[in-house]
Q: 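Pasting a structure here, questions to come.
Letters go in sequence order (proteins before strands), and every chain restarts at 1.
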Amino acid sequence: MYLKRLEMENFKSFKGEVVVPYERGFTAITGPNGSGKSNCGDAIQFVLGYKSAKDVRASNVLDLLFNGGKNNKPAKYCKVTLVFDNPEDPDGSRRLKIDADEVHFTRAVRKTRSGSASSNYYLNGEPSSQRQFKLLLSSANARADGYNIVLQGMVTELATMTGISRRKVLEEVA
Amino acid sequence: MYLKRLEMENFKSFKGEVVVPYERGFTAITGPNGSGKSNCGDAIQFVLGYKSAKDVRASNVLDLLFNGGKNNKPAKYCKVTLVFDNPEDPDGSRRLKIDADEVHFTRAVRKTRSGSASSNYYLNGEPSSQRQFKLLLSSANARADGYNIVLQGMVTELATMTGISRRKVLEEVA
Amino acid sequence: RKKRLLTVFKEVNKNFKNVYRLLSDGGRGELKLENLDNPFKGGLEMWCQPKGKSSRAKLNGLSGGEKSMAALSLIFAIQDHDPSPFYYFDEVDQNLDAFNAERIARLCKARANSAQFLMVTLRKVSLELADHHIGITHAGDGCSRRIADFNRERAIELGEKEEEHRKKAL
Amino acid sequence: RKKRLLTVFKEVNKNFKNVYRLLSDGGRGELKLENLDNPFKGGLEMWCQPKGKSSRAKLNGLSGGEKSMAALSLIFAIQDHDPSPFYYFDEVDQNLDAFNAERIARLCKARANSAQFLMVTLRKVSLELADHHIGITHAGDGCSRRIADFNRERAIELGEKEEEHRKKAL
Ligand SMILES: Nc1ncnc2c1ncn2[C@@H]1O[C@H](COP(=O)(O)OP(=O)(O)OP(=O)(O)O)[C@@H](O)[C@H]1O
Ligand SMILES: Nc1ncnc2c1ncn2[C@@H]1O[C@H](COP(=O)(O)OP(=O)(O)OP(=O)(O)O)[C@@H](O)[C@H]1O
Ligand SMILES: [Mg+2]
Ligand SMILES: [Mg+2]
């Protein structure tokens with residue numbers, strides 16, 4: 001199982017549809033300051049289910065919709081899809097307990113007429129829920145709240161936090 | 001007025017006497033991780049009068065004495081001298097209100113027989129006090145608690161602190 | 001609950017010792033629970049002795065880079081306890097010197113045989129070791145986009161080219 | 001007391017606008033007191049619009065490097081208000097790309113005509129622009145020392161040599 005690609009539509013600084021294909025092995029992502037590298041990480045967290053709004057650097061889920069940049073109109077809706085490769089193991093089982101070679105996890109947020117946000121989840125195109133995402137992903141150990149995703153600044157945070165907070169980190173792992 | 005040199009004796013990772021000469025203009029200090037670059041900054045703060053023990057990364061002033069490293073004996077005393085150039089301006093005044101072309105600020109800490117620490121201050125070799133250091137240095141704007149000394153990590157701290165803490169920074173400047 | 005925490009602690013600590021020794025080229029590191037009888041009353045400390053340093057050194061006396069290597073050892077130790085199919089690291093090599101940045105990149109490369117590693121980095125040494133390269137940029141209009149036909153040479157150039165281009169422009 | 005704070009605020013804000021525009025190549029930045037009537041009841045925010053970005057962006061949505069440039073602008077703005085004979089910067093360019101690291105180094109170089117700047121850095125672009133170079137190292141025995149006869153070439157080599165030396169050793 002690996003992450004084959006990230007598909008974003010009007011997510012943060014990504015205007016319109018932008019696809020980022022990933023490979024197996026070791027991939028380096030680079031670019032100037034403020035170019036959108038960490039926004040891709042936020043897009044992954046957005047679908048996997050982030051713990052707190054601080055993880056995606058937005059106080060309100062509507063801050064995640066493309067704000068128009070310099071000369072465009074702000075978007076009214078955004079969508080992110082994570083496409084995982086999910087091959088059959090020799091014993092017939094699959095890491096993600098779904099009988100499909102590719103699994104698409106999609107989350108979309110729309111700004112309603114009253115200005116609030118409505119969130120929808122889709123699994124391979126069929127309506128789903130955040131709960132179902134979490135169940136499927138954590139059984140394959142692809143959670144958002146483990147240390148498999150290390151956000152910018154987390155290394156320094158882990159080195160300088162109090163011993164009590166660090167013990168709490170261990171408790172979450174247990 | 002500029003800092004001509006830093007003289008350290010058994011301060012943190014600097015065993016015995018080590019002198020670091022400085023020049024006017026723009027000087028870059030480099031070296032591997034853990035080599036002692038930030039310890040030089042701590043030595044400057046040690047003499048200028050740091051605000052909190054966190055500024056020199058030591059919970060107790062005795063932690064600033066050379067701890068012996070791999071094969072040496074821990075030191076019982078450490079000393080740091082800052083040597084400032086203090087030329088006479090065309091109008092006869094000097095930036096540091098002392099009638100000397102060079103001003104040596106020295107601070108020494110000794111571990112007493114009972115295990116506590118005794119701290120002594122010397123100005124051009126004559127006994128002095130932290131209060132006198134602060135008076136002389138702040139009239140020349142060479143304080144330890146202004147933003148003229150930016151310790152490692154302070155930039156990120158300033159960017160991510162709460163608005164209230166940032167307003168307190170402005171109050172200190174006022 | 002206490003039993004679970006102590007079992008996880010023993011295993012993560014074993015991993016931490018191994019990873020820290022590997023990353024610090026022979027230094028010694030260990031995790032310590034402040035209160036073994038009732039771990040929920042105390043904290044968890046990382047004790048480290050980088051190669052060639054005294055064993056008396058405290059964590060708060062270590063340098064910025066040494067602290068990051070300790071924290072990264074803990075992250076790898078936790079990952080070993082609970083392996084995931086993919087990992088995402090966002091500029092974890094920021095305050096490391098060339099020596100340590102290369103050690104981290106080599107460890108990611110070695111582990112990339114059994115899991116996918118995605119690493120956001122600005123460091124040349126990490127760009128050189130990666131198998132694949134992705135470039136993200138914005139064209140001054142506030143819209144991020146992916147740079148097409150990107151590879152290792154262009155990635156290293158992006159960091160350096162900025163420097164050359166600036167030199168000419170000044 | 002309130003009057004003093006408001007006067008300092010006005011002056012530091014004026015400096016901040018100028019420095020931020022210079023450092024971000026045309027972006028706009030401004031300091032904002034949350035509660036102008038009673039500043040001691042509210043905080044101080046940095047509002048920034050990097051070049052080419054929307055004015056609707058909030059400080060917490062900016063990237064790591066953009067936040068550092070805002071904080072550095074504030075540091076320079078405070079220094080302009082209360083100039084000192086010498087400045088000491090410890091790895092302030094850690095999470096900047098080559099573009100921004102060079103802008104900071106150039107600003108230090110320009111200001112070094114009227115005050116002394118001492119900058120601890122691992123970045124090649126800052127080492128290239130400095131007038132003088134100091135090397136600090138330890139010989140694996142826990143004792144720090146100054147490297148004699150150090151200069152710009154040796155400084156840049158120290159960062160790169162680590163990389164070459166590693167390549168040969170592998
Ligand atoms: N909803 C949004 N719409 C448009 N742009 C946004 C939105 N949210 C954040 N941004 C912009 O995205 C940029 C931040 O991008 P990001 O944090 O991914 O940069 P980065 O490439 O990680 O940079 P660094 O190297 O400095 O960490 C900021 O300039 C911010 O203004
Ligand atoms: N009292 C002491 N005696 C001996 N060594 C000490 C003492 N206090 C701290 N040290 C050692 O000094 C080293 C830290 O040095 P310093 O913080 O100056 O590194 P640095 O060059 O700034 O590195 P980085 O690039 O990672 O920031 C640590 O290895 C620490 O163990
Ligand atoms: Mg980033
Ligand atoms: Mg340091």
Q: Report the distance from atom CG of C:Leu44 to atom OG of A:Ser165, rounding to the nearest 0.5 Å.
A: 10.5 Å
Q: Does a salt bridge link C:Arg1 with A:Glu171, judged by any charged N lying under 4.0 Å from a carboxylate O?
A: yes
Q: As a quick check of understanding, evaluate side chain to side chain contact (heavy atoms under 4.5 Å, CB included) for A:Glu23 and C:Asp131, giving each step before the final call.
A: CA-CA 9 Å; A:Glu23 315 263 349; C:Asp131 306 323; over 6 Å; no
Q: Looking at A:Gly69, A:Ser35, A:Ala159, A:Cys40, which makes the most heavy-atom pairs under 4.5 Å with chain C?
A: A:Ser35
Q: When rounded to the nearest 0.5 angstrom, what is the spacing between NE2 in C:His133 and OG1 in A:Thr30?
A: 9.0 Å
Q: Most heavy-atom pairs under 4.5 angstrom with chain C, which of A:Lys15, A:Gln152, A:Glu157?
A: A:Gln152
Q: Distance check, rounded to the nearest 0.5 Å: A:Thr27 atom OG1 versus C:Phe117 atom CZ?
A: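 Between atom OG1 of A:Thr27 and atom CZ of C:Phe117 there are 11.0 Å.
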Q: Near C:Lys32 NZ, under 6.0 Å, is it more than 12 heavy atoms from other residues, nucleotides or ligands?
A: yes
Q: Identify the heavy atoms of A:Asn33 and C:His138 that sit nearest to each other, and give their distance.
A: O-NE2, 3.9 Å
Q: Tell me, side chain or backbone of C:Glu91 under 4.5 Å from chain A's heavy atoms, or both, or neither?
A: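 Contact with chain A: side chain only.
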Q: Taking C:Ile136 as the fixed residue, which of A:Ile29, A:Asn39, A:Val18 is the one that meets the side chain to side chain contact (heavy atoms under 4.5 Å, CB included) rule?
A: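 Answer after filtering A:Ile29, A:Asn39, A:Val18: A:Ile29.
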Q: Pairing donors with acceptors under 3.5 angstrom, does anything connect the side chains of A:Asn141 and C:Asp82?
A: yes
Q: Which answer fits A:Ala142, side chain, backbone, both or neither, if we ask what part of it has an atom under 4.5 Å from a heavy atom of chain C?
A: both
Q: Go through A:Asn148, A:Val173, A:Thr160 and name the one with the most non-hydrogen pairs under 4.5 angstrom from chain C.
A: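 It is A:Asn148.
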Q: What's the spacing between A:Leu151 CG and C:Tyr88 OH if we round to 0.5 Å?
A: 7.5 Å
Q: Among the options C:Ala105, C:Pro85, C:Ala112, C:Gly135, pick out the one with the most heavy-atom pairs lying under 4.5 Å from chain A.
A: C:Pro85
Q: Only pairs of heavy atoms separated by less than 4.5 Å count here; which of C:Phe89, C:Phe9, C:Phe40 has the most with chain A?
A: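 Top count of heavy-atom pairs under 4.5 Å with chain A: C:Phe40.
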Q: Checking A:Val19 against chain C: side chain, backbone, both or neither under 4.5 Å from a heavy atom?
A: backbone
Q: Do you know which of C:Arg146, C:His132, C:Lys67, C:Glu11 has the most heavy-atom pairs with chain A at a distance under 4.5 angstrom?
A: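 Answer, by heavy-atom pair count under 4.5 Å with chain A: C:His132.
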Q: Check A:Ile164 against C:Lys41 and note the closest heavy-atom contact, atom names and distance.
A: CD1-O, 4.3 Å
Q: Which residues from residues 77-111 of chain A are near chain C, with near meaning under 4.5 Å between non-hydrogen atoms?
A: A:Phe84, A:Arg95
Q: For the residue pair A:Val150 and C:Asp90, establish whether any side-chain heavy-atom pair is separated by less than 4.5 Å.
A: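 They are not in side-chain contact.
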Q: Measure the CG-CG distance between A:Leu170 and C:Leu31 for me, rounded to the nearest 0.5 Å.
A: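 That separation rounds to 7.5 Å.
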Q: Tell me which of these, C:Val12, C:Val8, C:Ile134, has more heavy-atom pairs under 4.5 Å with chain A than the rest.
A: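 The residue among C:Val12, C:Val8, C:Ile134 with the greatest pair count is C:Ile134.
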Q: Between C:Asn113 and chain A, with a heavy-atom cut-off of 4.5 Å, which part of the residue counts as in contact: side chain, backbone, both or neither?
A: neither
Q: Could you measure the distance from the CZ atom of A:Phe26 to the CG atom of C:Leu118? Nearest 0.5 Å is fine.
A: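 Between atom CZ of A:Phe26 and atom CG of C:Leu118 there are 9.5 Å.
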Q: Are side-chain heavy atoms of C:Leu33 and A:Arg167 found at a separation under 4.5 Å?
A: yes
Q: Please determine, among C:Thr7, C:Leu62, C:Leu127, the option with the most heavy-atom pairs under 4.5 Å with chain A.
A: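 Heavy-atom pairs under 4.5 Å are most numerous for C:Leu127.
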Q: For chain A, find which of C:Ser84, C:Gly142, C:Ser68 contributes the most heavy-atom pairs closer than 4.5 angstrom.
A: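 Sorted descending by pairs with chain A, the first entry is C:Ser84.
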Q: With a 4.5 angstrom heavy-atom cut-off, is it the side chain or the backbone of A:Asn72 that approaches chain C, or both, or neither?
A: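 Side chain only.
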